Amino acid sequence: MEPLQSLRGMVDLLPSATATWQRIEATAREHFRRAGVSEIRTPLLEVTELFARGIGEATDVVGKEMYTFLDRGERSCTLRPEGTASVVRAAIQHGLLNQGPQRLWYGGPMFRYERPQAGRQRQFHQIGVELLGVADAESDAEAIAVAWDLLAELGVGGLQLELNSLGTPDDRVRYRAELVAWLEAHREQLDSDSQQRITTNPLRVLDSKNPATQALLAGAPTLADALAGESHERFARVRLALEALEIPFVLNPRLVRGLDYYSHTAFEITSNQLGAQATVCGGGRYDGLVQQLGGPATPAVGWAIGLERLVLLLSQAEAGEAAAAATPLLYVISRGELAERQALLLTCRARQAGLIAERDSSGAAFGKQFKRADRSGAPWAAVIGEREAADGVVVLKDLRGDGPEQRLAAGEALSWLVELTT
RNA sequence: GCGGGCGUCGCCAAGUGGUUAAGGCAGCGGCUUGUGGCGCCGCUAUUCGGGGGUUCGAGUCCCCUCGCUCGCCCCA
């Protein structure tokens, strides 16, 4: 019989890895609590139209990466490819936006049908923050600070914050026209990829990896020059706020995020240790999205961190810590039916008393059980053989020192161990 | 979706057309049927991701397929 495998790009997290994930989640939860950000949980499945309208029909995410299917009622459903659209939908649906600014975070799996590679899976996990109903430039910086500080708290080093301003939709429309005109004029000198993008997504040409194209682009009109005065001032305020927070950043005028809903501030936090998929965190302002999804005009900023990429950046020291946390204090050895029942009882009582206890269920010779007790790393072994079982006692043995074995009633042995650890 | 690399035991890994597929770790058993850590001995792949083909003969060559991986694209 052929064993079954997980679907391509769908990854199991084995016990050796989950401790790291739990630490990230716990750290994030506490970090958000201090930042006054509350958790929101939305369904993994949404009507397809939500993403088509929210993210943009022309984007790669919507155009070719969504897990979309018809349910039994013939509705087109999509496994969420990102979190923002769902959060905004939920906020609108439940009238949250009538109650003042909403500071929300979410986490969980996202789905994108792409070719897997390092730091990229078809089911991946994000943790993200959305600040809805905040308009000021300082809030952009605050959102970035929440992400930056979280990464710092987790101990991720070597990160770079890249920053750009996309201006208002008007700015972008105007710039887009200028850029397209310029690109058309230089069409012959562009690589074929870029030529195609003139019509599909002209701003993306700026990001071309083709060196000749890059050289040519030095003479192209820049988005920064096309920004209206207000957009310019706004961006300056964001930068001043980041400087005040002492969060270093580099301006990246080519940073054009792939989702349609961004305006003004766009940023990415990248690492040079991730290979091609260098972005750990990406986000920005999206003032038009709420309205576009049928809600009241609501300014907003947000970001998402890719957890798989974050895990890649965390050191292996984690694995060691996790193993240590699972080391039992007490290893219970037994042989014989009555003894095994008493061993089970002792083990569960020990756990109820707050001790990490493990029971050997092999029924093997004591020699074997002691060997396993030793390997478990437990400092104490409780031994229950037929004699102990008959007398209702246990033998407590110090596996690390060479103190004498103690023969105690089960309850005494437990309270003795509890005292030892407090 | 497009290119490149790879796929031998749970993990690491030798093997590059010719009898029985090294070794290490882990696991299990024994020396030691009530006392561990060391040591010694033994066991664990009729099979080399799967399927076809070439050949007297294939883990080793070819084709297809699945998976992983790196890059492109895109993004977290």
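Throughout, protein chains are lettered first and strands after them, A, B, ... in sequence-line order, and every chain is numbered starting at 1. Here the structure is a predicted model, which is why all the values come from computation and not from measurement.
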Practice item. Write down the distance separating the C1' atoms in B:A45 and B:G10, rounded off to the nearest Å. Key: 12 Å
**Study point:** A:Arg112 side chain, from C-beta outward: closest of B:U33, B:C74, B:C75
**Key:** B:C75
Review point. Does CD in A:Glu25 sit with more than 12 non-hydrogen atoms of other residues, nucleotides or ligands closer than 6.0 Å?
Key: yes
Practice item. Please work out if A:Glu405 contacts a base, only the sugar-phosphate, or nothing of the nucleic acid, heavy-atom cut-off 4.0 Å. Key: base
Check your understanding: Can you check the A:Lys397 NZ to B:G36 P distance for me, whole Å?
Key -> 8 Å
Revision key, fill the gap. In Watson-Crick or G-U wobble terms, with both distances under 3.5 Å, the base opposite B:C2 is B:G71
Check your understanding: Ring-on-base stacking between A:Phe366 and B:U35, under 5.5 Å between centres and under 30° between planes: is it there?
Key -> no
**Study point:** Touch class at under 4.0 angstrom, heavy-atom based, for A:Gly119 against every strand present
**Key:** base
Check your understanding: How far, in whole Å, is B:A13 from B:U65 if one measures between their C1' atoms?
Key -> 27 Å
Review point. Between B:G52 and B:C28, how far is it from one P atom to the other, in whole Å?
Key: 37 Å
Check your understanding: When you measure from the side chain of A:Leu399, which nucleotide among B:G29, B:G36, B:C74 comes out closest?
Key -> B:G36
Check your understanding: Closer than 4.0 Å, any side-chain N/O of A:Arg8 to the OP1 or OP2 of B:C68?
Key -> yes
Check your understanding: Once each nucleotide of nucleotides 39-44 of chain B is scored for protein heavy atoms under 4.0 Å, what B/S/- sequence comes out, 5' to 3'?
Key -> ------
Point to revise | C1'-based separation of B:A76 from B:G37 [nearest Å] | key: 47 Å
Check your understanding: Between atom CG in A:Leu312 and atom C1' in B:C70, what is the gap in whole Å?
Key -> 14 Å
Review point. When you check the gap from the basic side-chain N to the acidic O, do A:Glu114 and A:Arg8 get nearer than 4.0 Å?
Key: no
Exercise for review: Determine the interatomic distance between C1' on B:G36 and the same-named atom on B:U47; round to the nearest Å.
Suggested key: 37 Å
**Study point:** Under-4.0 Å salt bridge between A:Arg407 and A:Glu388
**Key:** yes
Practice item. Could you tell me which nucleotide pairs with B:A21 by Watson-Crick or G-U wobble geometry, both distances under 3.5 Å, or answer none if nothing does? Key: none
Point to revise | Counter-base of B:C43, judged by Watson-Crick or G-U geometry with both distances under 3.5 Å | key: B:G27
Exercise for review: Tell me which of A:Glu386 and A:Met10 sits closer to the 5' end of RNA chain B, going by the nucleotide each one is nearest to.
Suggested key: A:Glu386
Check your understanding: Strictly under 6.0 Å, is that where the ring centroids of A:Trp380 and A:Trp416 end up?
Key -> yes
Revision key, fill the gap. Side-chain contact check for A:Ala118: nearest option of B:G71, B:G34, B:A76 is B:G71
Review point. Atom CG of A:Asp360 and atom P of B:U35: how far apart are they, to the nearest Å?
Key: 15 Å
Review point. Can you tell me if CZ on A:Arg400 sees more than 12 non-hydrogen neighbours from other groups inside 6.0 Å?
Key: no
Review point. Atom CH2 of A:Trp105 to atom C1' of B:A76: distance rounded to whole Å?
Key: 16 Å
**Study point:** Value in whole Å for how far the P atom of B:G37 lies from NZ of A:Lys368
**Key:** 9 Å
Check your understanding: What is the nucleic acid contact for A:Gly282, judged by heavy atoms within less than 4.0 Å: base, sugar-phosphate only, or nothing?
Key -> sugar-phosphate
Review point. From B:C28, B:A76, B:C74, pick the nucleotide closest to the side chain of A:Ala304?
Key: B:A76
Check your understanding: Salt bridge check: are A:Arg80 and A:Glu46 linked by an N-O gap of less than 4.0 Å?
Key -> no
Practice item. Just call it for A:Gly9: base, sugar-phosphate, or nothing, with non-hydrogen atoms closer than 4.0 Å on any strand. Key: sugar-phosphate
Check your understanding: Distance between the P atoms of B:C62 and B:G18, in whole angstroms?
Key -> 16 Å
**Study point:** C1'-based separation of B:G53 from B:C43 [nearest Å]
**Key:** 38 Å
Check your understanding: Got more than 12 heavy atoms from elsewhere within 6.0 Å of CD, A:Glu39?
Key -> yes
Practice item. Could you tell me the separation between the NZ atom of A:Lys64 and the P atom of B:C75, rounded to a whole number of Å? Key: 10 Å
Check your understanding: Which whole-number value in Å describes the distance from A:Asp12 CG to B:G10 P?
Key -> 16 Å
Exercise for review: Please state the C1' separation for the pair B:G15 and B:G23 - nearest whole angstrom.
Suggested key: 12 Å
Exercise for review: Pick base, sugar-phosphate or nothing for A:Arg375, based on heavy-atom distances below 4.0 Å to the nucleic acid.
Suggested key: sugar-phosphate
Practice item. Inspect the surroundings of CD in A:Glu243 and state if more than 12 heavy atoms from other residues, nucleotides or ligands are less than 6.0 Å away. Key: yes
Check your understanding: Would you call A:Arg103 and A:Glu142 a salt bridge, using N to O less than 4.0 angstrom?
Key -> yes
Practice item. Classify every nucleotide of nucleotides 1-7 of chain B by which part a protein heavy atom approaches to under 4.0 Å, writing B for the base, S for the sugar-phosphate alone and - for neither, in 5'-to-3' order. Key: BBB----
Review point. A:Tyr113 ring centre to A:Arg122 NZ or CZ under 6.0 Å, with the angle to the axis within 45°?
Key: yes
Review point. Is A:Arg387 touching bases, backbone alone, or none of the nucleic acid, heavy atoms closer than 4.0 Å?
Key: base
Revision key, fill the gap. Considering only heavy side-chain atoms of A:Asp374, the closest of B:G37, B:C73, B:C75 is B:G37
Review point. Between A:Tyr286 and A:Tyr262, how do the two ring planes meet: parallel, tilted or perpendicular, split at 30° and 60°?
Key: perpendicular
Review point. Should we count CZ of A:Arg174 as having more than 12 external heavy atoms under 6.0 Å?
Key: yes
Check your understanding: CZ of A:Phe51 versus P of B:A76: gap in Å, rounded?
Key -> 14 Å
